[in-house]
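The block underneath contains the structure these notes are about, expressed in C-alpha cells.
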Amino acid sequence: QVDVTAMARLFGYVDMTDSGFIAAVLAIAFNPFFWNVVARWEHKTRALSRVFGSPHAACYCLGTVILMLNCVRSHCFTEAMKSQPKLEGLECHWAYYSGLAILAVGLLFVISSFLALGFTGTFLGDYFGILMEAKVTSFPFSILDNPMYWGSTAVYLGWSLM
C-alpha cells in the first residue's frame, strides 16, 4: 500500500489548469527534445553544416536558437511561478535567502561549465564534428558529472524558493 496523502497535499498547491503553468511545462519539455532531435539529425545528415557553409557556423546558429528558447522557457517559468499559489511557510526571509544561495550555486556551476567547455562544447559541437582536444576535468567537472544540468536545476529551484 502506498500512502499518497503527501503527494495529494502537494498537488493541492499547484493549479495545473493555469495556462501559464501549462506553457511552462511545455517549454521545459520542448527545449531538450528540440535540441536533441536537431543535433542527432545534424550528426546523421550534416544538413545544417551544408546550409550554413561550415560546422562552426551551424553550431553557433543552433546555439543561438537554444539560447533564445531558454529565454522563452525562463519567461514561461517566471510567469507560471507568479500565478501559482504560494506556500505560506515559504513567505519568510530564510526561504528567500536559501533560494538565493541555491540560485547562486547553480549559476556558479552553469557559468563555470560554459567557461570550461566554450560555446561549441556547451551547445552540441560534438554533433557537428567539433570535438574538444581532451576531456574536461577541471572545475566544476572535477566535482560533478553533469554540472550544467545540476546547475540549471539549482537555478530554477532557487528561483522557485525566492
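Both backbone and side-chain heavy atoms feed into the values below; hydrogens, waters and symmetry mates do not.
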For T5, side chain to side chain donor-acceptor pair (under 3.5 Å) partners two or more places apart: D3
Partner set under side-chain contact (heavy atoms from CB on, under 4.5 Å) for A24, not counting sequence neighbours: C76, A80
Donor-acceptor under 3.5 Å (D18 side chain, Q84 main chain): no
Results of ring-ring contact (aromatic ring centres under 6.0 Å, His included) for F30 - residues two or more places apart only: F34
Residue pair L103 / M162: nearest heavy atoms and the distance that separates them: CD1-SD, 4.1 Å
Could you list the donor-acceptor pairs under 3.5 angstrom formed between side-chain atoms of residues 118-129 and any protein atom two or more places apart in sequence or on another chain?
{"residue": "T122", "atom": "OG1", "partner": "G118", "partner atom": "O", "Å": "2.8"}

Other ILVMFWY residues reachable from I143 by side-chain steps of under 4.5 Å: V105, L108, F109, F139, L144, W150
L48 side chain reached by F52 side chain, heavy atoms, under 4.5 Å: yes
Cluster overlap L26 with M81, hydrophobic side-chain contacts below 4.5 Å: no
What side-chain donor-acceptor pairs closer than 3.5 Å can you find for residues 54-62, not counting sequence neighbours?
{"residue": "S54", "atom": "OG", "partner": "A57", "partner atom": "N", "Å": "3.0"}

Heavy-atom pair with the smallest gap, counting every atom of V136 and A116: CG1-CB, 3.8 Å
Sequence-distant partners of K44, salt bridge (charged side-chain N to carboxylate O under 4.0 Å, His left out), two or more places apart: none
Test side-chain contact (heavy atoms from CB on, under 4.5 Å) applied to L87 - qualifying residues, sequence neighbours left out: Y13, L90
For F77, all residues meeting ring-ring contact (aromatic ring centres under 6.0 Å, His included), sequence neighbours excluded: Y156, W159
Beyond-backbone contact of V110 with S152, side-chain heavy atoms, under 4.5 angstrom: yes
Distance (rounded to the nearest 0.5 Å) between M132 CE and L117 CG: 5.5 Å
S49 to E42 - nearest heavy-atom pair and separation: OG-OE2, 2.5 Å
Same apolar cluster: I28 and V155, side chain cutoff 4.5 Å: yes
Heavy-atom donor-acceptor pair, R50 side chain to T45 backbone, under 3.5 Å: yes
Atom pair CE (M148) and OG1 (T153), whose distance is rounded to the nearest 0.5 Å: 12.0 Å
Side-chain heavy atoms of F21 within contact of S83, under 4.5 Å: no
Selection residues 82-93 - residue pairs positive for salt bridge (charged side-chain N to carboxylate O under 4.0 Å, His left out), sequence neighbours left out: E79-K82
Least distance between heavy atoms, I22 atom then T17 atom: CD1-O, 4.0 Å
Verify same cluster id: F114, L67 (apolar side-chain graph, 4.5 Å): yes
Path from V25 to V14 over hydrophobic side-chain contacts below 4.5 Å: yes
Set of side-chain contact (heavy atoms from CB on, under 4.5 Å) partners for A104, sequence neighbours left out: none
Set of residues satisfying side-chain contact (heavy atoms from CB on, under 4.5 Å) with respect to C92, sequence neighbours excluded: W94, A95
Heavy-atom side-chain contact between V38 and I66 under 4.5 Å: no
